[in-house]
Colleague: 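Sharing a structure below in C-alpha cells format, with a few things to ask.
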Amino acid sequence: CYTLNFPLQTACSFDRLHEAFRNCQRCQLANTRCKTALWRGDPHAEVLFLGQCPGQVEDTTGLPFVGPSGNLLDLMLREAQFPEIYGISNIVGCSPNTGLANNRDDPTLAECLACSDRLWCLLLTVRPKIIVALGRLPATMFIANNPKAVALNEIIQLGSNHFAQMRHPAYLLRRLGQHSTYELTEAITFLKQLRDQLPDYNRPDHLQYFGEVCPFPPIEAYFNL
Ligand code: URA
C-alpha cells in the first residue's frame, strides 16, 4: 500500500493546506506549473467534484475548473439548481500541459501518486458526503478494484462513503461540438437527482472505506489498461 509521506495525516484548515501545498515539490510538475490549483468552492462541501488535473487557465489562476470545462460544469450546476454546497478539486494539483516541454493532458501515475497526499488531506479535512468523479481517472482511483464498479450517473455506497461517476465536462464539450446533447442532458438529470437525495446522506464519520492508509493504489489499474 502507498503510505503518506506528508506529516499532515489528519484534518486541518484550508489555510494550512494551501500553505503546505502551494510550493509543493513532490513531482516534476513543480518545474513547469505556474500555480497549484487546490480547491474551489465551499470549504465544508457536502459534494466533492473531482476532476483529473488543471489545464492552462487553472494554472494561471490557481483554481480548479475555471476554463472551458469549468464553465460548462458551472452551467450544468446552475441548470440543476444545485445548492452551493460543493467543492471542486482534481486528482493532480498542478497542470501537466504548461511549460515549453509539456504538451499532454494526462498526468502520469507517478504524478497521481505523488499528489495523493494532498488529496487525502483534503478528504480528511472536508469529509464530503459524496465524491463525484468527473471521468474515468478519478473513478478508477476510488473504485476500479471494487466489484461494485460504479456506473455512469449512479450513486453507490462503499462503507459509509458515497461515490458517483459523471462524464467529464471536457468530454461533454466535445460531444456538444458534434451536436450531441444527449449525455449533457443525462448529466444534468443526474445532478438534479443528487441534489434531491443529498439530505438523506450523512457525512462519513470516518473514511472507513479507505482503511488506515492512503487508499489510492487502484489508480495503477488505470494506467495498466
Ligand atoms: N479538467 C480537469 O480535469 N480539471 C480542471 O481543473 C480543468 C480541466
Side-chain angles (χ1 to χ4, degrees), residues 14 17-18 21-22 24 26-27 29-30 32-43 45 47-78 82 84 86-99 102-123 126 128 130-144 150 152-153 163-177 183-184 187-188 190-191 216 218-219 222-223 225:
F14 262 79
L17 278 175
H18 276 288
F21 291 105
R22 197 177 39 231
C24 175
R26 281 176 182 70
C27 78
L29 295 180
T32 46
R33 66 144 188 260
C34 181
K35 287 186 179 166
T36 303
L38 181 72
W39 181 261
R40 174 160 82 86
D42 181 357
V47 182
L48 167 58
F49 291 101
L50 195 59
Q52 180 163 310
C53 55
Q56 293 190 350
V57 188
E58 291 77 15
D59 183 63
T60 46
T61 55
L63 292 167
F65 278 98
V66 288
S69 292
N71 293 341
L72 180 60
L73 182 60
D74 288 348
L75 271 174
M76 291 160 63
L77 289 162
R78 262 206 301 282
F82 208 88
E84 306 248 327
Y86 58 87
I88 307 177
S89 192
N90 285 299
I91 296 293
V92 165
C94 296
S95 175
N97 59 19
T98 51
N102 290 348
N103 186 20
R104 58 191 167 95
D105 290 330
D106 297 334
T108 62
L109 172 61
E111 289 157 2
C112 292
L113 288 178
C115 215
S116 59
D117 286 4
R118 178 198 55 93
L119 187 53
W120 185 233
C121 292
L122 258 176
L123 289 177
V126 180
I130 180 165
I131 298 171
V132 180
L134 299 173
R136 263 188 342 113
L137 176 68
T140 310
M141 193 144 183
F142 287 99
I143 48 197
V150 73
L152 267 178
N153 302 323
F163 299 90
Q165 180 187 180
M166 268 175 65
R167 293 278 192 201
H168 193 289
Y171 171 88
L172 295 173
L173 274 178
R174 283 197 297 279
R175 295 294 286 150
L176 286 174
E183 285 124 323
L184 178 64
I188 293 170
F190 165 73
L191 287 173
F216 304 130
I219 194 139
Y222 178 84
F223 291 90
L225 287 179

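Start at 1 and go down the list; that is how both ligands and their atoms are numbered.
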Colleague: Taking all non-hydrogen atoms of both residues into account, name the closest pair between A139 and Q165 and its distance.
Modeller: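 Heavy atoms of A139 and Q165 come nearest at CB-CD, 3.6 Å.
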Colleague: What are the two closest non-hydrogen atoms of M166 and A187, and how far apart are they?
Modeller: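 Smallest interatomic distance, heavy atoms only, reads CE-CB, 4.1 Å.
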Colleague: Would you check if there is a donor-acceptor pair between the side chains of S89 and R118 at a distance under 3.5 Å?
Modeller: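 The criterion, which ignores hydrogens and geometry beyond distance, is satisfied for S89 and R118.
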Colleague: Can you check whether W39 reaches L48 side chain to side chain, under 4.5 Å on heavy atoms?
Modeller: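 Result yes, sub-4.5 Å side-chain heavy-atom pair found.
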Colleague: Measure and list all N/O to N/O distances between ligand 1 and the protein that fall under 3.5 angstrom.
Modeller:
unit_1: ligand 1; atom_1: 1 (N); unit_2: H168; atom_2: NE2; d: 3.4
unit_1: ligand 1; atom_1: 3 (O); unit_2: Q52; atom_2: N; d: 2.9
unit_1: ligand 1; atom_1: 3 (O); unit_2: C53; atom_2: N; d: 3.4
unit_1: ligand 1; atom_1: 3 (O); unit_2: C53; atom_2: O; d: 3.4
unit_1: ligand 1; atom_1: 3 (O); unit_2: N90; atom_2: OD1; d: 3.4
unit_1: ligand 1; atom_1: 3 (O); unit_2: H168; atom_2: NE2; d: 2.8
unit_1: ligand 1; atom_1: 4 (N); unit_2: C53; atom_2: O; d: 2.9
unit_1: ligand 1; atom_1: 4 (N); unit_2: N90; atom_2: OD1; d: 2.8
unit_1: ligand 1; atom_1: 4 (N); unit_2: N90; atom_2: ND2; d: 3.4
unit_1: ligand 1; atom_1: 6 (O); unit_2: F65; atom_2: N; d: 2.9
unit_1: ligand 1; atom_1: 6 (O); unit_2: N90; atom_2: ND2; d: 2.9

Colleague: Would you check if P107 and Q52 make a side-chain contact, meaning some heavy-atom pair closer than 4.5 Å?
Modeller: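 They are in side-chain contact.
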Colleague: If you look only at pairs with a residue in residues 54-72, which of them pass as a side-chain hydrogen bond (donor to acceptor under 3.5 Å, both in side chains), with sequence neighbours excluded?
Modeller: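 Output for this query is empty, none listed.
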